[in-house]
There are 2 protein chains.
Amino acid sequence: MNLRKNSTGRLTLNDVARAAGVSRATVSLVLRGSPLVHVDTRARVEAEMARLGYVYNRAAANLRRRVSSSVALVVNDLSNPFFAEFAAGVDEALAAAGYVTLLGSTGESPERQLAVVGSLIEHDPAAIILSPAEGSDAAALARAVGPRTPVLVFNRELAGSPWDFLGLDNRRGAHLATEHLLALGHRRIAFFGGHADSSSCRERRAGYADALRNVGIAVDDDWLIESAPTRMDAAARTGLLFAREPAPTAAVCYNDAVALGLMLGLVRRGRHPGRDFAVTGFDDIPEAILAAPPLTTIAADPRARGRQAAQLVLARVEGTAPEPQRTIAAVELVVRESCMPV
Amino acid sequence: MNLRKNSTGRLTLNDVARAAGVSRATVSLVLRGSPLVHVDTRARVEAEMARLGYVYNRAAANLRRRVSSSVALVVNDLSNPFFAEFAAGVDEALAAAGYVTLLGSTGESPERQLAVVGSLIEHDPAAIILSPAEGSDAAALARAVGPRTPVLVFNRELAGSPWDFLGLDNRRGAHLATEHLLALGHRRIAFFGGHADSSSCRERRAGYADALRNVGIAVDDDWLIESAPTRMDAAARTGLLFAREPAPTAAVCYNDAVALGLMLGLVRRGRHPGRDFAVTGFDDIPEAILAAPPLTTIAADPRARGRQAAQLVLARVEGTAPEPQRTIAAVELVVRESCMPV
DNA sequence: CCGGCGATTTATAACGATCTAAATTCGTCG
DNA sequence: CGACGAATTTAGATCGTTATAAATCGCCGG
């Protein structure tokens, strides 16, 4: 047995073994609660660990056992409360399952995203939960990830990726919002915000169009207005809604950020959201309830989505489902005060 | 040389070495860009790596080199935008320095916090950035962390801990807010919200008291009102401000969440924040600008604080400053529309 | 043609854990 | 009292990488 004193101060199995007068192997068995070790030995070893303040080195153990106890979470923007909540949910569920979360944020930059994934993958996560940046290159990502690490894509479809997907029922959500406005008597309803080339925007627009078609209203292309999915840009583009007479009386917004921006833009133009123009959002971020007036929106419960993502990815890690899975989470309409009847 | 085929599919240095017809050691040198290897050899090895899709196993390397390339971030509540921004800043700076972020969230529970720290520490982070849960037990934490991992405590003082600290200038912030109200002519000013036993609340109250004392106003204990630092609880306690005549005309709030809750509570009582009652916040969360009216508050720039925390902790990891450092970040008043003159 | 000296390359022992197979120890029974 | 099977313990190889020290190569001068 090698008894060389560990040169740095780091305590290892060896140190505990020596202190307790047993072999490394025995200490290892104690650590993992094996029934093989004699109860007295166990007690002695455990006492020694406590006395010395030993801490387990999971990296070394994982290396030997060829397993991983971490999952990487790559998120585009933590300062968006929707994703912050999602991240909290992911971490909560991973921690409960004994995994640790490796965090990476990309700031919506596909290049940074590639770098982040490349760095995280070197830490050998059991899986990756990826909420892709806009304009991600699926092939480049697949190359960076390699074939051995399962990935769950969240929220934005990644065209042509071989991975599991968890998304919201965007189509149905927008459908619900549009129906709500129709039921209030609105007939001139715009779809406001988002980038038309993102999958979630396309799906939401489709739900909106469905609902209109169901009641025999044609979609007016002038009322399909794009914007960056941010408050600022949405506020700036408010004017586009009123470029032509007759203007719409309501807008289904791409998401809450856009809706709040639109409300700001309306106020600046002297209009009163919820009184002379109806607005709906999507996501139900915490600000939605605080807005003036409180925003009617589509709730997606991002924290629950986070837990769900963690569960899906762990199922994939442990079991071996053969096919990539698509999971679509239900959403619901929460009515507040931003839509008046017409 | 051991040529046993790797049983799992995982590619290792060995596989690359074999494919390129060189030794493991050479491949390792190539990986680290050593000038020792011949340029032709390097090219051949690199080609082989690309062809096979080799990915570096940093855990194994770290084990051998006895270094760590991760930093743990333990945060009480990611769904609080202040901490979400902070986390984003931490991750941004750590990533730039080549470290990966291990995330742990505690949901404000000291027990979960202990468990989370215990789990993270097993992954051998180079350091821990800890935003402690309320009611943390410093001694228990110190035991869980052990003596070898540097810790930076953020935001809440941890009594009797031997660790570095990064905090906001709470005292000065509250002082600024109070002075602002005084300058607007207010004389009956309350301090609203927060738990009096938290260090940040005590400091903010002290700044508030200083400012009042400076103009010869005594602090009225009836106007020191506690609440949980949440919107809900703040809204519920609004009535306490008006228990006695004459009531205050303004309140310095513990933080933005409390201020927003208070504004909600005021509206419910038929008052108009910013018109017949002045309110200030603390933190400048994104909602602050959206509130009705937009909230005058103290900006702490949490993302910059996150970057700063990362930098401090890395400095500690790399250099060896002997003394624990206390760093207090400046804050500034941002005036919006929630305070009318009296 | 040998010795020597850079320039390259490599064998081998670590890092801190686990696993396998083999070696001990122990109680009991013939 | 020695044998035998069960209960415990352990030596040694191994995970994928790095560090050290030694080996090899090519080329030059003598």
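Throughout, a chain's letter reflects where its sequence line sits, starting with A, and its residues are numbered from 1.
- Contact annotation: T41(B) side-chain N/O to dT8(C) OP1/OP2 distance is not under 4.0 Å.
- The distance from atom CE of M49(B) to atom P of dG16(D) is 16 Å, rounded to the nearest whole Å.
- Here dG16(D) is the nucleotide among dG16(D), dT14(D), dT18(D) with the atom lying nearest to any side-chain atom of R66(A).
- Mapping A60(B) and V37(B) onto DNA chain C by nearest heavy atom places V37(B) closer to the 5' end of the strand.
- No engagement by R58(A) is indicated, since no non-hydrogen atom pair under 4.0 Å with the nucleic acid exists.
- There is a side-chain donor-acceptor pair under 3.5 Å between R32(A) and S28(A).
- Rounded to a whole Å, the CZ atom of R64(B) is 12 Å from the C1' atom of dG16(C).
- Looking at E157(A) and R326(A), a side-chain N of the basic residue comes within less than 4.0 Å of a carboxylate O on the acidic one, giving a salt bridge.
- Considering only side-chain atoms of T26(A), the nucleotide from dT9(C), dT18(D), dT10(D) that sits closest is dT10(D).
- A close approach under 4.0 Å does occur between a side-chain nitrogen or oxygen of S23(B) and OP1 or OP2 of dT10(C).
- Using a 4.0 Å heavy-atom distance criterion, A61(A) is classed as a sugar-phosphate-only contact.
- Not one side-chain nitrogen or oxygen of R24(B) sits closer than 4.0 Å to the OP1 or OP2 atom of dT12(C).
- Between the CG atom of L63(B) and the P atom of dT14(D) there is a distance of 17 Å, given to the nearest Å.
- When rounded to the nearest whole Å, the span between CG of L29(B) and P of dA19(D) equals 9 Å.
- Within the structure, every side-chain polar atom (N or O) of R10(B) is placed at least 4.0 Å from both OP1 and OP2 of dC15(D).
- For the pair R65(B) CZ and dG16(C) P, the computed distance is 14 Å after rounding to whole Å.
- At a threshold of 4.0 angstrom between heavy atoms, the contacts of A25(A) include nucleobase atoms, whether or not backbone atoms are also involved.
- Distance, L31(B) CG to dT18(D) P: 6 Å, rounded to whole Å.
- Proximity note for R32(A) (side chain, C-beta onward) versus dA11(C), dG16(D), dT18(C): the nearest is dT18(C).
- With 3.5 Å as the limit, one finds a donor-acceptor pair spanning the side chains of N62(A) and S69(A).
- Salt bridge status for E85(B) with R307(B): absent, with no side-chain N to carboxylate O gap under 4.0 Å.
- For the residue pair T26(A) and S23(A), a side-chain donor N or O sits within less than 3.5 Å of a side-chain acceptor on the partner.
- In this structure, CG of N57(A) is placed 13 Å from C1' of dT18(C), rounded to the nearest angstrom.
- Spacing between atom CG of L36(A) and atom P of dC19(C) amounts to 12 Å, rounded to whole angstrom units.
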